[in-house]
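Side-chain atoms are counted along with the backbone in the values below, which use heavy atoms only and exclude waters and symmetry mates.
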Amino acid sequence: MRRVAFAALCLALAILFAGLGIWQVERRAWKLDLIAKVEGRVRAAPTALPPRNEWQRDNAYRRVRVTGTFLHDRETLVQALTALGGGWWVLTPLQTNDGTILVNRGYVPDDRRDRATRREALPSGSVTITGLMRATEPGGGFLRNNDPAAERWFSRDVAAIAKARNLGPTAPFFIDADDTPNPGGFPVGGLTVISFRNNHLSYAVTWFALALLSVAGSVMVLRSGKRRH
């Protein structure tokens with residue numbers, strides 16, 4: 001009876017592992033579709049913002065072009081770790097005909113954190129920005145929560161920044177500006193990192209291998225019992 005129970009357990013585990021393997025195959029297909037969609041958006045020619053009734057939809061990494069006026073006195077610095085080193089993202093509200101939109105103008109190092117050190121890069125009047133739509137990053141960074149009262153920002157949390165800067169109604173996304181140079185060299189745009197982990201195939205192979213081992217274990221136990229009889 002113990003052998004039969006053990007064999008039944010092995011078969012149950014085989015079914016479980018096979019199910020997990022199938023799930024990983026489906027996840028892989030979803031991830032490949034996501035990667036293809038994002039790559040298509042990034043390479044596409046810039047378009048106008050989607051209409052307001054579509055702002056809550058999946059617009060991540062859509063390449064857009066917007067025109068408006070920067071509110072430099074309400075910029076927010078968010079800690080950043082980039083290919084250029086540690087520093088800060090400069091998030092500046094852009095007043096447009098469609099409303100207020102936060103724009104991540106790019107990276108500045110510590111010695112350019114003060115707005116006075118980059119006066120030449122503070123355009124007044126109407127400007128046109130090209131960049132990628134990005135989803136808000138609520139809460140904070142890894143094990144570090146945003147602290148608006150202390151001006152400590154670890155993530156680009158649109159709603160929290162809008163509240164802290166009294167921006168009123170603000171688009172629920174932000175725009176990563178492209179690499180068009182700014183006067184004086186800073187901020188440096190175009191540093192968006194687009195990377196999606198895709199280990200689903202290796203996970204699927206692992207689960208299917210465990211399923212086969214479970215079946216093999218069940219067969220071995222049952223055969224062993226027959227030999228003894």
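- Residues Leu210 and Leu13 share a hydrophobic cluster, clusters being chains of Ile/Leu/Val/Met/Phe/Trp/Tyr side chains in contact below 4.5 Å.
- Formation of a donor-acceptor pair under 3.5 Å by the Ser126 side chain with backbone atoms of Thr69 is not found in this model.
- The CG atom of Leu132 sits 5.5 Å away from atom CD1 of Ile194, with the distance rounded to the nearest 0.5 Å.
- Without hydrogens or angle criteria, Tyr107 side chain to Gly86 main chain gives a donor-acceptor distance under 3.5 Å.
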Problem - Step-by-step side chain to side chain contact (heavy atoms under 4.5 Å, CB included) determination, Thr130 to Thr180 - result: CA-CA 8 Å; Thr130 300; Thr180 301; 5.7 Å; no
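- Of the options Arg113, Arg118, Arg165, a salt bridge (charged side-chain N to carboxylate O under 4.0 Å, His left out) to Glu75 is made by Arg118 and by none of the others.
- Using a 4.5 Å heavy-atom threshold, the side chains of Val103 and Phe70 count as touching.
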Problem - Evaluation steps, side chain to side chain contact (heavy atoms under 4.5 Å, CB included), between Ser202 and Val205 - result: CA-CA 5 Å; Ser202 62; Val205 170; 5.7 Å; no
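- Taking CG from Leu122 and CG from Asn182, the interatomic distance works out to 9.5 Å, rounded to the nearest 0.5 Å.
- Of the possible polar contacts, one joining the Asp157 side chain to the Gly139 backbone as a donor-acceptor pair under 3.5 Å is found.
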Practice task
Start with the C-alpha gap between Trp88 and Asp110, add the side-chain angles, then the distance that decides, and say whether side-chain hydrogen bond (donor to acceptor under 3.5 Å, both in side chains) holds.
Solution key: CA-CA 7 Å; Trp88 309 88; Asp110 280 329; 2.6 Å; yes
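- Across every non-hydrogen atom of Ala18 and Ala211, the tightest pair is N-CB, 3.9 Å.
- Remark: Arg156 engages Asp176 in a salt bridge, criterion side-chain N to carboxylate O under 4.0 Å.
- Rounding to the nearest 0.5 angstrom, the gap separating the CE atom in Met133 from the CZ atom in Arg41 is 9.0 Å.
- Between Lys37 and Asp58 there is a salt bridge, since a side-chain N of the basic residue sits under 4.0 Å from a carboxylate O of the acidic one.
- Side-chain atoms of Val25 and Trp207, non-hydrogen and from C-beta on, never get closer than 4.5 Å to each other.
- Counting only distance, with no hydrogens or angles, the side chain of Thr170 and the backbone of Gly168 share a donor-acceptor pair below 3.5 Å.
- In this structure a side-chain-to-backbone donor-acceptor pair under 3.5 Å is present from His72 to Pro123.
- Residues Gly99 and Thr96 come closest through the heavy atom pair O-OG1, 2.7 Å.
- Here the closest non-hydrogen pair linking Pro169 and Thr100 is O-CB, 3.9 Å.
- A donor-acceptor pair under 3.5 Å links the side-chain atoms of Asn146 to the main chain of Ser155, judged by distance alone.
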Exercise for the section: Please test Gln79 against Arg144 for side chain to side chain contact (heavy atoms under 4.5 Å, CB included), starting from the C-alpha separation and ending with a verdict. Expected result: CA-CA 11 Å; Gln79 285 197 5; Arg144 297 182 298 181; 3.3 Å; yes
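- Residue Asn97 places its CG atom among 12 or fewer non-hydrogen atoms of other residues, nucleotides or ligands, all under 6.0 Å distant.
- To the nearest 0.5 Å, atoms CD1 (Ile101) and OG1 (Thr92) are separated by 13.0 Å.
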Problem - Chi angles and distances behind the side chain to side chain contact (heavy atoms under 4.5 Å, CB included) call for Thr76, Trp89 - result: CA-CA 8 Å; Thr76 300; Trp89 297 123; over 6 Å; no
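- Under a hydrophobic-cluster definition in which Ile, Leu, Val, Met, Phe, Trp and Tyr are linked whenever side-chain heavy atoms come within less than 4.5 Å, directly or via other members, Val158 and Val90 are assigned to the same cluster.
- Under the 4.5 Å side-chain heavy-atom criterion for Ile, Leu, Val, Met, Phe, Trp and Tyr, Leu77 and Phe174 are members of the same hydrophobic cluster.
- Phe173 and Trp55 have their aromatic ring centers within a separation under 6.0 angstrom.
- Taking 4.5 Å as the limit, every side-chain heavy atom of Val78 sits out of range of all side-chain heavy atoms of Phe154.
- Under the 3.5 Å distance criterion, the side-chain polar atoms of Asn59 are matched with a main-chain donor or acceptor of Glu54.
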Practice task
Take Thr128 and Thr67, measure what side-chain hydrogen bond (donor to acceptor under 3.5 Å, both in side chains) needs, and give me the verdict at the end.
Solution key: CA-CA 4 Å; Thr128 298; Thr67 299; 2.9 Å; yes
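- When hydrophobic clusters are built by joining Ile, Leu, Val, Met, Phe, Trp and Tyr residues whose side-chain heavy atoms come closer than 4.5 Å, directly or via intermediates, Val127 is grouped together with Leu49.
- Nearest heavy-atom pair across Ala177 and Ile129 is CB-CG2, 4.2 Å.
- Cluster membership for Leu84 and Phe186, using ILVMFWY side-chain heavy atoms within less than 4.5 angstrom, is shared.
- For Trp153 against Ala164, the heavy-atom pair with the smallest separation is CZ2-CB, 3.8 Å.
- Between the CG atom of Leu102 and the OG1 atom of Thr136 there is a distance of 8.5 Å, given to the nearest 0.5 Å.
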Exercise for the section: Evaluate the side-chain hydrogen bond (donor to acceptor under 3.5 Å, both in side chains) criterion for residues Arg112 and Thr117: first the C-alpha distance (whole Å), next the side-chain angles of each, then the deciding distance (0.1 Å), finally the verdict. Expected result: CA-CA 6 Å; Arg112 294 299 184 98; Thr117 63; 4.7 Å; no
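- A heavy-atom distance below 4.5 Å is not found between the side chains of Arg57 and Pro50.
- Atom CG of Leu94 sits about 10.0 Å away from atom CZ of Arg105, to the nearest 0.5 Å.
- Val108 approaches Pro187 most closely through the heavy-atom pair CG1-CA, 3.8 Å.
- Residues Val64 and Pro46 form no side-chain contact, since every pair of their non-hydrogen atoms from C-beta on lies 4.5 Å or further apart.
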